[in-house]
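Notes follow the structure.
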Amino acid sequence: MRIGVLAVQGAVREHILSLTRLGAEAVPVRNPEDLRGLAGLVLPGGESTAQWRLLSRSGLVEPLRKALVEGLPTLGTCAGLVLLAKEITNWPERYFGVLDVAVERNATGRQVDSFEATVSVDGLGEVPAVFIRAPAIRRVGPGVKVLGEYENVPVLVQQGTLLGATFHPELTEDLRLHEFFLSLCGKE
Ligand code: GLN
């Protein structure tokens, strides 16, 4: 199964490694042509504003938007979730706007406020999670399922074959979230 990892900025290598360990063919996506033949896509964490600038320069915004609207299964982690969100409560822009949640950017504060925790995820159990200047999910639309919470705030959501996590599963050795994502890609 061929899975693209958006490779303009952020934790690209770590996602490629996690997916490869699970037997997927993980490829970096840098140009519109790289989207061809993908069964799924990962939008990694990093810095959403920088990612958007680079996406705009590489001509990827519209092809990616089209792929998302057409239902390409996608996992957005942290900044990737910010790119997917329909609303960003403390930022004037919105990016792809395909996932019906409102997020607050940088809700965990500065880089030094980053932390590791254990999150209980529906169907997977306890999953280790790294939060780095993470967004917080402040509103969830009717078609969105909350799969995991931390301190009563959603940290993992699903809307069909779209998954959004406020944390970084790729920075841990635990592969279960990626495995779950691959199961969604396989259904297409
Ligand atoms: N603070 C970043 C943003 O809003 C996200 C941080 C991350 O991806 N670790 O883009």
Side-chain angles (χ1 to χ4, degrees), residues 3-19 26 28-30 40-58 60-61 64-65 68 74-119 121 127-141 144 146-151 153-159 162-178 180-181:
I3 307 292
V5 179
L6 180 65
V8 292
Q9 189 267 345
V12 178
R13 224 164 6 118
E14 292 82 353
H15 275 293
I16 289 186
L17 203 65
S18 298
L19 293 163
V29 171
R30 297 194 181 91
L41 177 70
V42 174
L43 303 181
E47 190 55 46
S48 52
T49 50
Q51 292 182 353
W52 192 255
R53 217 173 27 244
L54 294 165
L55 280 178
S56 307
R57 276 191 215 153
S58 56
L60 265 168
V61 169
L64 268 178
R65 191 190 302 279
L68 289 166
T74 299
L75 164 65
T77 59
C78 209
L81 164 65
V82 174
L83 293 187
L84 290 175
K86 198 164 237 176
E87 188 189 340
I88 307 170
T89 60
N90 56 346
W91 196 248
E93 286 173 282
R94 83 166 184 178
Y95 303 111
F96 293 117
V98 289
L99 176 60
D100 191 10
V101 295
V103 297
E104 177 190 337
R105 285 191 62 207
N106 301 333
T108 56
R110 297 183 301 150
Q111 203 85 12
V112 290
D113 300 321
S114 301
F115 62 98
E116 196 166 342
T118 301
V119 170
V121 173
V127 170
V130 178
F131 294 87
I132 306 170
R133 297 196 79 203
I137 298 173
R138 298 297 186 205
R139 181 189 62 76
V140 172
V144 178
V146 175
L147 299 182
E149 285 186 341
Y150 179 72
E151 293 184 339
V153 177
V155 293
L156 178 66
V157 294
Q158 177 178 12
Q159 174 187 302
L162 279 184
L163 283 183
T166 64
F167 57 90
H168 291 261
E170 79 287 2
L171 297 183
T172 74
E173 293 294 307
D174 195 297
L175 297 174
R176 282 173 296 162
L177 195 57
H178 286 89
F180 173 57
F181 173 59

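Positions are given from 1, in the same order as the sequence printed here. Ligands are counted one by one from 1 in listed order, and the atoms in each one are counted from 1 as well.
Residue Ser18 holds its OG atom at 6.5 Å from CD of Glu170, rounded to the nearest 0.5 Å. Atom-to-atom distance recorded for Leu84:CG and Leu99:CG is 6.0 Å, nearest 0.5 angstrom.
Using a 30° and 60° split on the angle between ring planes, Tyr150 and Phe115 fall in the tilted class, from 30° to 60°.
A distance-only check finds a donor-acceptor pair linking the side chain of Gln51 to the backbone of Gln9 [under 3.5 Å].
The only member of Val5, Leu171, Ile3 that meets side-chain contact (heavy atoms from CB on, under 4.5 Å) when paired with His15 is Val5.
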For a salt bridge (Lys or Arg N to Asp or Glu O under 4.0 Å) check, start with the C-alpha distance between Glu87 and Arg139, then their side-chain angles and the critical distance, and finish with the verdict.
CA-CA 9 Å; Glu87 188 189 340; Arg139 181 189 62 76; 3.7 Å; yes

Go through the steps to decide whether Glu47 and Arg105 satisfy the test salt bridge (Lys or Arg N to Asp or Glu O under 4.0 Å), and finish with yes or no.
CA-CA 10 Å; Glu47 190 55 46; Arg105 285 191 62 207; 2.6 Å; yes

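Ligand 1 places these atoms under 4.0 Å from at least one heavy atom of Ser48: 3 (C), 4 (O), 10 (O). Proximity to Cys78 (heavy-atom distance under 4.0 Å) selects the following atoms of ligand 1: 5 (C), 6 (C), 7 (C), 8 (O), 9 (N). Listed by number with element, the atoms of ligand 1 under 4.0 Å from a non-hydrogen atom of Gly45 are 8 (O). Listed by number with element, the atoms of ligand 1 under 4.0 angstrom from any heavy atom of Ile132 are 6 (C), 7 (C), 9 (N).
Any N or O atom pair closer than 3.5 Å counts here, and Thr77 shares no such pair with ligand 1. For a threshold of 3.5 Å applied to N or O pairs, the pair formed by Val82 and ligand 1 contains no separation below that value. Considering backbone and side-chain N/O atoms, Ala79 comes within less than 3.5 Å of an N/O atom of ligand 1. An N or O contact shorter than 3.5 Å links Gly46 to ligand 1 by distance.
Shortest contact from atom 1 (N) of ligand 1 to any protein heavy atom: Asn106 OD1, 2.4 Å.
Only the side chain of Arg105 comes within contact range of ligand 1, with a heavy atom under 4.0 Å; no backbone atom does. Residue Gln51 does not touch ligand 1, judged by heavy-atom distances below 4.0 Å.
Around atom CD of Glu173, no more than 12 heavy atoms belonging to other residues, nucleotides or ligands sit under 6.0 Å away.
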